[in-house]
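First the structure, in the form of structure tokens, and then the observations on it.
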Amino acid sequence: MAKSKNCNVKKQSYISVPSQIINSLSSSSLQSLLVSPKKKNSNRFFFGYNSCRSPRVWLFALFLFGLVGMLRLGWNVDTLIPFSPYPCLQTQSKPHQSFASNIDPVGKKDDFLIANNSGQPSHHSHSESEFWKQPDGMGYRPCLAFSAEYRRAGEAIVKNRSKYLLVVVSGGINQQRNQIVDAVVIARILGAALVVPILQVNVIWGDESEFSDLFDLAHFKRVLANDVRVLSSLPSTHIMTRPVEEKRTPLHVSPQWIRARYLKRINREGVLLLRGLDSRLSKDLPPDLQKLRCKVAFQALRFAPQILELGNKLAQRMQSKGPYLALHLRMEKDVWVRTGCLPGLSKEYDEMIHNERRRRPELLTARSNMTYHERKLAGLCPLNAFEVTRLLKALGAPRNAKIYWAGGQPLGGKEALSPLTREFPHFYNKEDLAFPGELEPFANKASFMAAIDYIVSEKSDVFMPSHGGNMGHAIQGQRAYAGHKKYITPNKRHMLPYFLNSSLPEAEFSRIIKELHHESSGQPELRDSKAGRDVTKYPVPECMCNNVHTHSI
């Protein structure tokens, strides 16, 4: 590593030589290195007979042998050169110990500090294994070719100054993203300008973040400039207008329903306020509106610069040591309560979930008539750490795989993750990767933390969720749109009977699990092969095509 010219203190240099080289030298050879030979006539050529007895020549040869030995032994030379932003500093201060630091003495945060002088992560070669192999994207690329009719209508819509749509979106950040996408589409259907969506304060996490705190507002407006007019606030001409408020939009309504229900009212009053847009708009829309959905989700909704910067830094620290897997673990207490499932940690924890569910039955999201075992066998329960571990091992994940885990703290804390950390010791989350103070600006802001998880997960070589959900669906669509990066969808309903079969040999178990997931690794899937699929999860064929002559974005 280049040293600063300001480092004026003289330091001794040492050459690290493998012990195998030392042991291969004879005692006489070692003696010749230690005892200075008598001086001879110096008027000889450098490579003459006497020069072969020179200690300089021996030291040079020893250095070459050491260098060759290190290369033959596969030593990672980078580990001998710890990166420091202060060249004169001889030792680094020890980073704060976090979750993975106590689990993984090998996978220290220092592993991610190795970089070249430009500050970019070092690139290390690795043997490509089947686990890291990416799916065949079949040549699909993003292509948002809007029709001429859509483009002509857009010219009039963006000039309109009489109709404004206000929306209030709720839930976690990924649920809010879905509603923002549909808000843009509804504004387009009504020919109205969209006022920047209001993010409802999350009652669970108490996050009071606004749109511009989480997303790049200027970028959002610029990308959608030809589709929908986006305003930061209502114009002064409409501030005193009492908006028409609608709270009871049914599920999965069509554009025709939207126009029939709201168009006359928004034309008359000028302002329409909508709440609770989650799954209110149909998943099956005309092609141009489906393309608009993709444009909003994959291009317009970009995280705010400060979130993007930190998320990219953490992703680079994971990438600096080769490929990595991102796991979205849904093991929080509220997830077990809402799904009607049990964590399987102990009787005490199972009883805790039972009591919470009896106390608040409204938290159980669906199918309350099913027992826990029926839910489990139907594939409706999140995978616990033991099941995730068995699945990864069966799919061929190497023990030295670097794993980034996203999600809230699991019920049961570190012990709940112990099956994973025992088998895969290189196990990190954002707290482990961040330097002291880096996460402080985002403290107590769940949406910021979820956004960072999203960025690091989306940039991973392989992604796998332990359970479905808004984040998993969003990343699935994002990875498909990026060229079908590997995304493992656990086939829970079909694989669980084999998990329960203790007499099945491990080799046969692995073969079966691989076969079950042969087509569950992020290959292109046609959205129109199943009605009601979300185009932001399955962007083929409306938003992606494999025709090289098609206009691409």
Side-chain angles (χ1 to χ4, degrees), residues 131-132 134-135 137 140 142 171-181 214-215 278 283 293-304 307-308 310-312 314-316 318-319 323-332 335 382-383 388 391-392 395 397 401-408 428-430 433 446-492 517 519-525 527 533-540 543-544:
F131 182 78
W132 301 114
Q134 295 299 314
Y140 278 100
I173 186 171
N174 293 293
Q175 191 175 0
Q176 290 172 345
R177 282 169 62 101
N178 294 340
Q179 295 172 57
I180 292 168
V181 169
L214 298 175
F215 302 105
D278 197 19
K283 304 302 181 188
R293 264 182 166 151
C294 291
K295 189 173 183 178
V296 179
F298 304 138
Q299 297 180 11
L301 273 176
R302 186 170 71 184
F303 289 116
I307 297 176
L308 205 57
L310 180 55
N312 287 333
L314 300 190
Q316 288 169 2
M318 287 298 300
Q319 292 166 343
Y324 72 94
L325 160 72
L327 286 177
H328 186 210
L329 298 177
R330 306 297 310 280
M331 298 169 57
E332 302 94 328
V335 174
L383 298 176
V388 171
L391 176 57
L392 289 176
L395 293 175
K402 310 299 184 296
I403 296 179
Y404 178 88
W405 72 276
Y428 310 91
N429 67 0
K430 52 189 171 290
L433 298 178
S447 294
F448 282 73
M449 295 300 189
I452 291 170
D453 274 344
Y454 186 101
I455 294 169
V456 183
S457 296
E458 197 282 319
K459 291 183 176 295
S460 66
D461 298 87
V462 179
F463 177 82
M464 189 181 85
S466 65
H467 190 55
N470 291 302
M471 177 172 167
H473 292 172
I475 290 181
Q476 179 174 343
Q478 190 85 49
R479 292 174 76 83
Y481 198 75
H484 291 91
K485 296 162 65 178
K486 189 166 185 177
Y487 181 106
I488 299 172
T489 305
N491 192 339
K492 292 185 285 186
H517 293 84
E519 296 183 353
S520 302
S521 298
Q523 299 91 335
E525 293 185 60
R527 189 199 71 85
R533 281 185 167 183
D534 192 340
V535 71
T536 60
K537 183 180 178 183
Y538 300 97
V540 178
C543 304
M544 301 186 74

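Source: prediction; values computed, not measured.
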Original post:
How about Lys430 and Met449: do any of their side-chain heavy atoms sit closer than 4.5 Å?
Top reply: yes
**OP:** Report yes if the side chains of Ile488 and Ser520 come closer than 4.5 Å at any heavy-atom pair, otherwise no.
**Re:** no
Subject >> Side chain proximity check, Val535 to Cys543, heavy atoms < 4.5 angstrom >> reply: yes
**OP:** Measure the spacing between CD1 of Ile452 and CD1 of Ile307 and express it to the nearest 0.5 Å.
**Re:** 6.5 Å
Original post:
Can you name the residues that form a side-chain hydrogen bond (donor to acceptor under 3.5 Å, both in side chains) with Ser466, not counting sequence neighbours?
Top reply: none
Original post:
Which residues satisfy the side-chain hydrogen bond (donor to acceptor under 3.5 Å, both in side chains) test with His467, sequence neighbours excluded?
Top reply: Lys492
**OP:** Provide the closest heavy-atom pair for His517 versus Leu391 in the form atom of the first, atom of the second, distance.
**Re:** CE1-CD1, 3.7 Å
Original post:
Can Val462 and Phe131 be said to form a side-chain contact (heavy atoms from CB on, under 4.5 Å), step by step?
Top reply: CA-CA 9 Å; Val462 179; Phe131 182 78; 4.3 Å; yes
Original post:
If you take all heavy atoms of Arg527 and Arg533, which pair is closest and at what distance?
Top reply: NH1-O, 2.9 Å
Original post:
Are Pro524 and Met544 close enough that some pair of their side-chain heavy atoms sits under 4.5 Å apart?
Top reply: no
Subject >> Over all atoms of both residues, closest heavy-atom pair of Gly477 and Pro539 >> reply: O-CG, 4.1 Å
Subject >> Residue pair Val540, His484: steps toward the side-chain contact (heavy atoms from CB on, under 4.5 Å) verdict >> reply: CA-CA 11 Å; Val540 178; His484 291 91; 4.0 Å; yes
Subject >> Value rounded to 0.5 Å, distance of OG in Ser521 from CG in Leu395 >> reply: 7.5 Å
**OP:** Apply side-chain contact (heavy atoms from CB on, under 4.5 Å) to Met331 and list each qualifying residue two or more places apart in sequence or on a separate chain.
**Re:** Leu329, Trp336, Ala385, Pro410, Ala416, Leu417
Original post:
Just wondering, do Ile455 and Leu314 contact through their side chains at under 4.5 Å, heavy atoms?
Top reply: no
**OP:** With the side chain counted from C-beta on, respond yes when Met464 and Leu392 share a heavy-atom pair under 4.5 Å apart, and no when they do not.
**Re:** yes
**OP:** Check step by step if ring pair (Phe, Tyr, Trp, His ring centres under 6.0 Å) holds for Tyr404 and Tyr324.
**Re:** CA-CA 7 Å; Tyr404 178 88; Tyr324 72 94; 7.1 Å; no
Original post:
Looking at Ser457 and Ala326, what are the two nearest heavy atoms and their distance?
Top reply: CA-CB, 3.7 Å
**OP:** Measure the CD-CD distance between Glu525 and Gln523 for me, rounded to the nearest 0.5 Å.
**Re:** 7.5 Å
Subject >> Distance, nearest 0.5 Å, that separates CZ of Phe215 from CD1 of Ile180 >> reply: 4.5 Å
Original post:
When rounded to the nearest 0.5 angstrom, what distance separates NE2 in His328 from CG in Asp453?
Top reply: 7.0 Å
**OP:** Indicate whether the side chain of Asp278 and that of Asn178 have a donor and an acceptor atom separated by less than 3.5 Å.
**Re:** no
Original post:
Residues in ring pair (Phe, Tyr, Trp, His ring centres under 6.0 Å) with Tyr454, at least two apart?
Top reply: Phe303
Subject >> Flag for Arg479-Ser460: side-chain donor and acceptor within less than 3.5 Å >> reply: yes
**OP:** State, to 0.1 Å, how close Ala315 and Val456 come at their nearest heavy-atom pair, and which atoms those are.
**Re:** N-CG2, 4.1 Å
Subject >> Inter-residue atom distance Ile403.CD1 - Asn429.CG, 0.5 Å rounding >> reply: 12.5 Å
**OP:** Decide yes or no for Gln478 and Tyr487: does some side-chain heavy atom of the first lie under 4.5 Å from some side-chain heavy atom of the second?
**Re:** no
**OP:** Using the side-chain contact (heavy atoms from CB on, under 4.5 Å) rule, take Trp132 and Lys486 through it: C-alpha gap first, then chi angles, then the decisive distance, then the call.
**Re:** CA-CA 8 Å; Trp132 301 114; Lys486 189 166 185 177; over 6 Å; no
**OP:** Enumerate the residue pairs fulfilling salt bridge (Lys or Arg N to Asp or Glu O under 4.0 Å) with a member in residues 454-463, sequence neighbours excluded, ordered by first and then second residue.
**Re:** Glu458-Lys485
Subject >> Contacts of His473 that satisfy side-chain contact (heavy atoms from CB on, under 4.5 Å) - sequence neighbours left out >> reply: Lys537
**OP:** Answer yes or no: is there a side-chain heavy-atom contact under 4.5 Å between Met318 and Tyr428?
**Re:** yes
